[in-house]
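Every number for a ligand or one of its atoms is a count from 1 in the order of the listing. Heavy-atom basis, side chains included; hydrogens, waters and symmetry copies ignored. Nothing here was measured: the structure is a model prediction, and the numbers come from that model.
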Amino acid sequence: MLNSLYIVWTEKNDLGIPILDEQHRGIISSINSLYYFMHAGQGHDIVEPTLKTLDQYVYVHFKTEEALLHKAGYPEAEQHLVLHRELVEKTRKLSFNIERQQDSKLLLKFLRQWWLGHINQEDKKYVPFVKQLMKQ
Ligand SMILES: [Fe+2]
């Protein structure tokens with residue numbers, strides 16, 4: 001369905017931390033573009049840069065989030081970083097064979113599940129710590 005978004009952002013995904021919420025929305029937006037281009041059959045010349053954009057966006061986002069977790073003294077920061085590294089590795093692995101329709105579906109499904117799950121379960125755990133830091 002080209003007239004609907006793959007992931008619709010709702011306020012319940014917000015952490016209440018403006019920079020992180022903004023970046024999360026950007027990541028979801030890139031995933032939606034990826035879905036759109038894959039389904040519009042626009043081919044590799046646009047899918048490839050979209051994947052690169054997502055990869056770079058995720059890099060910047062994780063750098064931002066990880067610095068905040070350390071500054072805030074979040075006790076589970078190290079475990080959280082491991083989850084980030086796993087995402088990067090799995091995304092790259094799944095992006096490898098993207099010309100096959102089956103594989104592109106797998107990648108999109110993984111991205112949607114991982115990001116919504118991560119934001120709502122893992123990221124929400126650090127919110128009180130980062131909010132405390134931002135008050136200072
Ligand atoms: Fe995170």
| query | Does a side-chain heavy-atom distance below 4.5 Å link Phe62 with Val88? | reply | yes

| message | Are Tyr35 and His39 an aromatic pair, judged by ring center distance below 6.0 Å? | response | yes

| query | Donor-acceptor pair, Thr64 side chain versus Val60 backbone, under 3.5 Å? | reply | yes

| message | Between Glu89 and Arg92, does any side-chain N to carboxylate O distance fall below 4.0 Å? | response | no

| field | For the student: nearest non-hydrogen atoms of Trp115 and Val58, plus distance | value | CZ2-CG2, 3.6 Å

| request: Could you count the protein N, O or S atoms found under 2.8 Å away from the Fe ion (ligand 1)? | output: 5

| field | Within-4.5 Å side-chain heavy-atom neighbours: Ile31 and Trp114 | value | no

